[in-house]
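One structure is given below, encoded as structure tokens.
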Protein chains: 2
Amino acid sequence: MSDFAPTEARLQVTLSKYPGFPRDPAALVRLIKHLYKEIHDEANAVMKPYGLNHPEYNILMMMYGSPDNSLNPSQLADAAGEKSANVTRLTTQLCEKGYIARASSEDDRRKVTLTLTPEGIALIESFLPAIVTLLFRQTRKLDTTEQAQLEVLLKKMLAGYGE
Amino acid sequence: MSDFAPTEARLQVTLSKYPGFPRDPAALVRLIKHLYKEIHDEANAVMKPYGLNHPEYNILMMMYGSPDNSLNPSQLADAAGEKSANVTRLTTQLCEKGYIARASSEDDRRKVTLTLTPEGIALIESFLPAIVTLLFRQTRKLDTTEQAQLEVLLKKMLAGYGE
DNA sequence: AGTATATAGTTCATTTATGTATAATCAATA
DNA sequence: TATTGATTATACATAAATGAACTATATACT
């Protein structure tokens with residue numbers, strides 16, 4: 001189990017040295033950091049047998065979450081939280097593997113349309129059972145009410161960014 | 001403001017294509033991913049004037065959170081959530097900048113003791129006001145009760161990992 | 001004591017991510 | 001319709017992170 005107690009002890013020490021340090025906000029940020037690290041590492045481990053890593057998984061799932069299985073690179077960057085240069089690299093790899101296809105848009109020829117191929121969709125549906133298992137495992141300490149509460153609070157916190 | 005609505009729409013589409021997909025766990029994981037990205041980017045921006053990035057900030061703060069301002073590389077790796085090879089690189093940089101000092105332990109000569117220098121402590125205390133401001137800003141949408149609730153729920157979720 | 005096993009940390013090769021510059025296209029407007 | 005200013009995506013150089021192999025020291029076992 002991931003133990004947060006050492007982090008709390010460090011926050012106490014920090015507070016004793018620098019009394020103005022906001023303990024609770026810092027604890028939240030550190031918790032999110034820890035959780036993200038676990039999520040990232042575990043997703044990487046689950047995807048490895050499929051020859052993918054976590055960012056590639058994200059790219060594929062963002063496209064799968066689109067009604068027509070396709071997005072532009074900039075939409076993908078936004079959806080997956082990747083820098084655009086990184087999206088180019090990741091999608092190039094996925095194209096080379098045959099999971100997505102590139103096509104230049106007709107309406108705006110600056111744009112590129114990326115679409116999941118049938119092989120890409122088949123791949124996604126082959127790894128989704130493992131992902132579903134992972135997601136349940138990662139949230140199993142929270143009942144459905146707590147999950148809903150947590151979602152509300154995280155959304156609220158997210159609303160404080162970039163304004 | 002960071003908008004989570006597109007993510008929710010994508011989850012709906014995913015659910016329609018693959019009904020077994022667990023909507024709420026996936027939403028939580030994606031929220032944490034988004035939040036971490038914001039935290040990471042904003043911390044990088046705040047630290048840039050001090051010639052540091054987010055991981056370097058973390059290293060320094062983990063040491064500052066220790067009573068004697070010192071930790072071993074392996075403790076640092078654990079505390080900051082970095083791989084040990086990365087800790088070597090980051091701490092070497094911070095040593096070169098004069099913010100921390102390396103010394104080999106006396107009791108166990110395999111171990112290395114990393115300690116904040118007076119310059120390192122002075123640097124930390126010079127950027128902490130900006131960090132405090134950032135932390136308040138990042139959590140300003142949550143009142144103190146909500147922050148406490150969120151902390152409880154995140155800790156509970158974190159407990160589901162690595163068991 | 002002597003040998004195996006484990007641990008701490010670093011090094012190095014490779015992979016992954018970022019920032020900046022560039023090319024192509026579009027939109028507005030003078 | 002030419003010109004200017006955005007926008008979209010990519011290329012390229014640089015930086016950061018990872019995994020695997022390696023060195024040195026400590027611990028356990030017989």
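Remember, predicted model here, so these are calculated numbers, not experimental data. The analysis underlying the following values was restricted to heavy atoms, covering all of them including side chains, and did not include hydrogens, waters or symmetry mates.
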**Request:** To the nearest 0.5 Å, tell me how far B/T14 OG1 sits from B/F21 CZ.
**Result:** 5.5 Å

**Backbone of A/Y161 reached by a side-chain donor or acceptor of B/E38 within 3.5 Å** = no

**Request:** Measure the spacing between OG1 of A/T91 and CG of A/L76 and express it to the nearest 0.5 Å.
**Result:** 7.5 Å

So which protein N/O to nucleotides 13-17 of chain C N/O distances come out below 3.5 Å?
unit_1	atom_1	unit_2	atom_2	d
C/dT16	OP1	A/N53	ND2	3.4
C/dA17	OP2	A/R89	NH2	2.2

**Item:** Contacting residues from residues 69-77 of chain B, given that a heavy atom lies under 4.0 angstrom of DNA chain C
**Value:** B/N72, B/P73, B/S74

**Request:** Kindly state which residues belonging to residues 108-116 of chain B come within less than 4.0 angstrom of DNA chain C, counting heavy atoms of the residue only, listed by number.
**Result:** B/R110, B/K111, B/V112

**Message:** I'd like to check the side-chain contact (heavy atoms from CB on, under 4.5 Å) partners of B/P6; sequence neighbours left out, ordered by chain and number.
**Reply:** B/D3, B/R10

**With A/R89 via side-chain hydrogen bond (donor to acceptor under 3.5 Å, both in side chains) - residues at least two apart** = A/N86

**Message:** Considering only residues two or more places apart or on different chains, which pairs with a residue in residues 122-133 of chain B satisfy side chain to side chain donor-acceptor pair (under 3.5 Å)?
**Reply:** B/Y64-B/E125

**Modelled atom types, side-chain donor and acceptor of A/T113 and A/S70, under 3.5 Å** = no

**Message:** Here's a test of your reading of the structure: between A/A85 and B/G81, which maps to the more 5' nucleotide of DNA chain D?
**Reply:** A/A85

**Asked** Within the distance-only criterion (no hydrogens, no angle test), does the side chain of B/Q75 pair as donor or acceptor with the backbone N or O of B/N72 below 3.5 angstrom?
**Response** yes

**Message:** By the ring-ring contact (aromatic ring centres under 6.0 Å, His included) test, which pairs, at least two apart or in different chains, include something from residues 80-134 of chain A?
**Reply:** A/Y50-A/F127, A/Y57-A/F127

**Message:** Can you measure A/D107 atom CG to C/dC26 atom P for me and round it to whole angstrom units?
**Reply:** 9 Å

**Asked** Hey, can you pull the residues of residues 57-65 of chain B with a non-hydrogen atom under 4.0 angstrom from DNA chain C?
**Response** none

**Message:** For A/N53, give me all partners under side-chain contact (heavy atoms from CB on, under 4.5 Å), at least two apart in sequence or on another chain.
**Reply:** A/N44, A/P55, A/E56

**Request:** For A/R23 and A/Q12, indicate whether the former's side chain and the latter's backbone hold a donor-acceptor pair under 3.5 Å.
**Result:** no

**Message:** Let's see if you get this right: which residues in residues 95-104 of chain A place a heavy atom under 4.0 Å from DNA chain D?
**Reply:** A/R102

**Request:** Indicate yes or no: at least one non-hydrogen side-chain atom of A/M157 is less than 4.5 angstrom from one of A/I32.
**Result:** yes

**Prompt:** Has the side chain of A/E146 got a donor or acceptor atom that lies under 3.5 Å from a matching backbone atom of A/D143?
**Reply:** yes

**Message:** Taking the basic N atoms (NZ, or NE/NH1/NH2) and the acidic carboxylate oxygens, is any pair closer than 4.0 Å for A/R30 and A/E8?
**Reply:** no

**Message:** Distance under 4.0 Å to a non-hydrogen atom of chain B counts as contact; along DNA chain D, which nucleotides mark the start and end?
**Reply:** D/dA16 to D/dA26

**Prompt:** side-chain hydrogen bond (donor to acceptor under 3.5 Å, both in side chains) with B/R110: which residues, sequence neighbours excluded?
**Reply:** B/D108

**Any donor-acceptor N/O pair, A/K97 side chain to A/G51 backbone, under 3.5 Å** = yes

**Item:** Check ion pair B/R137-B/E42 (N to O, under 4.0 angstrom)
**Value:** yes

